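Just so it is clear: chains get the letters A, B, ... in the order the sequence lines come, proteins before strands, and each one is counted from 1. This is a predicted model, so every value here is computed, not measured. Scope of the values below: all heavy atoms of this structure, side chains included, with no hydrogens, waters or symmetry mates.
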Amino acid sequence: MPELPEVETIARGLHKRVAGDQIDSVWIGRKPEPLKSPAAEIARTLERARIEYVQRVGKHIVLTLKSPKDSSLHQWIVHLGMTGRMLVGSADLEIAPHTHLIARLASGRELRFVDPRRFGRLEVRHDGFAGPGTEPLNISLEEFSALFHGRKAPIKGALLNQKLLHGVGNIYADESLFRAGVRPRRRAGSLTRAKLKKLHAGLQRVLKEAIAAGGSSVSDYVDAEGEEGFFQLKHRVYGRGGLPCRVCKTPITKIVVAGRGTHYCAKCQK
DNA sequence: ATACCGACCTGTCAGC
DNA sequence: TGCTGACAGGTCGGTA
């Protein structure tokens with residue numbers, strides 16, 4: 001489901017609602033659960049722990065937990081995959097289909113992980129979590145350029161590679177390439193310094209604008225409060241195949257790059 | 001090391 | 001109305 005702006009929005013919403021609360025007990029659904037850590041380890045780590053804060057790392061939500069025994073810190077890491085949700089609400093709320101984990105909170109509310117498609121993953125760590133790559137919002141132009149140096153993969157594929165930049169997904173890859181005027185199939189290593197500069201700026205700008213808009217709601221995305229984002233209204237190419245380019249009116253082209261639906265303007269992007 | 005492609009799942013929607 | 005197939009915000013592992 002969500003990319004960096006959506007996960008950022010969800011993490012901020014969760015922080016506001018559950019930081020300071022304590023997890024009293026945990027229910028984990030029947031197998032196969034979407035777990036990267038053993039269910040018993042997740043339950044052991046979550047139960048009785050206090051939620052210190054919630055933040056985003058790449059496309060992961062990281063809940064920092066304080067152990068009731070020795071005050072040590074642990075991380076509960078949630079990846080939402082395509083369709084995952086983290087819902088906070090009253091314990092009376094009906095349990096939605098595909099609910100895989102319920103954390104009962106001392107406040108009487110529940111934090112639930114729901115994921116129909118089960119591409120999401122839950123795990124716990126005890127030694128911190130830095131994510132697979134570099135944060136696109138913080139990266140300097142120099143570091144950014146170095147990531148793509150010598151790469152033969154299409155720039156779109158490189159943008160999606162979480163070991164390089166983490167947090168960029170299909171929507172924001174397409175949108176940032178449009179803003180930079182770069183075709184998705186261009187080899188990453190072939191971008192000129194000027195294009196890299198435009199892509200670096202375009203990516204950071206589109207991510208910041210999307211965060212400010214509460215993310216993009218395509219089909220079913222909602223944040224921790226159940227609110228839709230509205231950045232989808234500002235998409236210039238994503239999901240606009242065949243529609244006129246917002247800049248030059250040329251119909252937007254839709255192709256497949258790196259196995260993903262890819263949208264671009266043949267006139268604005270070279 | 002790097003890059004591609006299918007697999008993993010369920011839901012939805014267009015077309016017949 | 002109902003069936004079928006294509007497609008969907010993501011990642012992973014096997015293969016070349």
Asks: Distance check needed: B:dA3 C1' versus A:Leu164 CG, whole Å only.
Replies: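 Distance, rounded to whole Å: 12 Å.
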
Asks: Just checking, any donor-acceptor pair under 3.5 angstrom between side chains of A:Thr9 and A:Glu6?
Replies: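 Checked: A:Thr9/A:Glu6 side chains show no N/O donor-acceptor pair below 3.5 Å.
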
Asks: Could you give me the CA-CA distance, side-chain angles and deciding distance for A:Leu46 and A:Val124, then say whether side chain to side chain contact (heavy atoms under 4.5 Å, CB included) is met?
Replies: CA-CA 9 Å; A:Leu46 268 56; A:Val124 290; 3.9 Å; yes

Asks: Could you state the atom-to-atom distance from CD of A:Glu6 to P of C:dA8 in whole Å?
Replies: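 Result: 16 Å.
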
Asks: Could you summarise the pairing of DNA chain C as dot-bracket text, marking Watson-Crick and G-U pairs under 3.5 Å with ( ) or [ ] inside the strand and | across strands?
Replies: .|||||||.|||||||

Asks: Please give me every residue in residues 146-158 of chain A whose heavy atoms get under 4.0 Å of an atom in DNA chain C, ordered by residue number.
Replies: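 Residues of residues 146-158 of chain A that come under 4.0 Å of DNA chain C do not exist, since none gets that close.
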
Asks: Hey, can you tell me if A:His235 and A:Tyr238 have their rings parallel, tilted or perpendicular (30° and 60° cut-offs)?
Replies: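 Rings of A:His235 and A:Tyr238: perpendicular, as their planes differ by over 60°.
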
Asks: Any idea how A:His60 and A:His79 line up, ring-wise: parallel (<30°), tilted (30 to 60°), or perpendicular (>60°)?
Replies: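 Perpendicular.
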
Asks: Just how far, in rounded Å, is C1' of C:dC7 from CD1 of A:Ile255?
Replies: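 Taking CD1 of A:Ile255 and C1' of C:dC7, I get 17 Å after rounding.
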
Asks: Output the rounded distance in Å from CZ (A:Phe119) to P (B:dC9).
Replies: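 Answer to the nearest Å: 8 Å.
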
Asks: Any N/O pairs under 3.5 Å between the protein and nucleotides 11-16 of chain C? List them or say none.
Replies:
unit_1: C:dT11; atom_1: OP1; unit_2: A:His79; atom_2: NE2; d: 2.7
unit_1: C:dT11; atom_1: OP2; unit_2: A:Lys59; atom_2: NZ; d: 2.6

Asks: Would you indicate what A:Tyr172 reaches in the nucleic acid, counting non-hydrogen atoms under 4.0 angstrom: base, sugar-phosphate, or nothing?
Replies: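 Nothing: the residue A:Tyr172, judged by heavy atoms under 4.0 Å, touches no strand.
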
Asks: Rounding to an integer number of Å, can you tell me how far A:Asn161 CG sits from B:dC4 P?
Replies: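 About 11 Å, once rounded to whole Å.
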
Asks: If we count only N and O atoms by modelled type, under 3.5 Å, do the side chains of A:Lys156 and A:Thr262 hold a donor and an acceptor together?
Replies: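 Yes - a donor-acceptor pair under 3.5 Å links their side chains.
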
Asks: Would you please name every residue forming a side-chain hydrogen bond (donor to acceptor under 3.5 Å, both in side chains) with A:Tyr264, sequence neighbours left out?
Replies: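 With neighbours one apart ignored, the set is empty.
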
Asks: Do A:Glu142 and A:Arg193 sit within salt-bridge range, that is, some charged N less than 4.0 Å from a carboxylate O?
Replies: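 Salt bridge: yes.
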
Asks: Counting only N and O atoms by type, is there a donor-acceptor contact under 3.5 Å from the side chain of A:Gln162 to the main-chain atoms of A:Gly58?
Replies: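 Between the backbone of A:Gly58 and the side chain of A:Gln162 there is no qualifying donor-acceptor contact (under 3.5 Å).
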
Asks: Any side-chain donor-acceptor pair under 3.5 Å between A:His166 and A:Glu135?
Replies: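 The answer is yes; a qualifying pair exists.
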
Asks: In plain terms, say whether A:Glu123 and A:Arg125 are close enough for a salt bridge, that is, a side-chain N and a carboxylate O under 4.0 Å apart.
Replies: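 Result for this pair is yes, salt bridge flagged.
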
Asks: Restricting to side-chain hydrogen bond (donor to acceptor under 3.5 Å, both in side chains), what partner residues turn up for A:Glu175, sequence neighbours left out?
Replies: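 Counting only residues at least two positions away or on another chain, A:Glu175 forms a side-chain hydrogen bond (donor to acceptor under 3.5 Å, both in side chains) with A:Arg179.
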
Asks: Determine whether a donor-acceptor pair (N or O, by modelled atom type, separation under 3.5 Å) exists between the side chain of A:Asp174 and the backbone of A:Phe178.
Replies: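 Not confirmed, A:Asp174 side chain does not pair with A:Phe178 backbone.
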
Asks: Any donor and acceptor pair, going by atom type alone, linking the side chain of A:Arg260 with main-chain N or O of A:Val256 inside 3.5 Å?
Replies: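 No, A:Arg260 side chain to A:Val256 backbone: no donor-acceptor pair under 3.5 Å.
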
Asks: N/O contacts under 3.5 Å, protein versus nucleotides 10-16 of chain B?
Replies:
unit_1: B:dT10; atom_1: OP1; unit_2: A:Arg118; atom_2: NH2; d: 3.2
unit_1: B:dT10; atom_1: O3'; unit_2: A:His98; atom_2: NE2; d: 3.4
unit_1: B:dG11; atom_1: OP1; unit_2: A:His98; atom_2: NE2; d: 2.7

Asks: Roughly how many Å apart are B:dC9 and C:dC3, using the P atom of each and rounding to a whole number?
Replies: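 Per the computed distance, 25 Å lies between those P atoms.
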
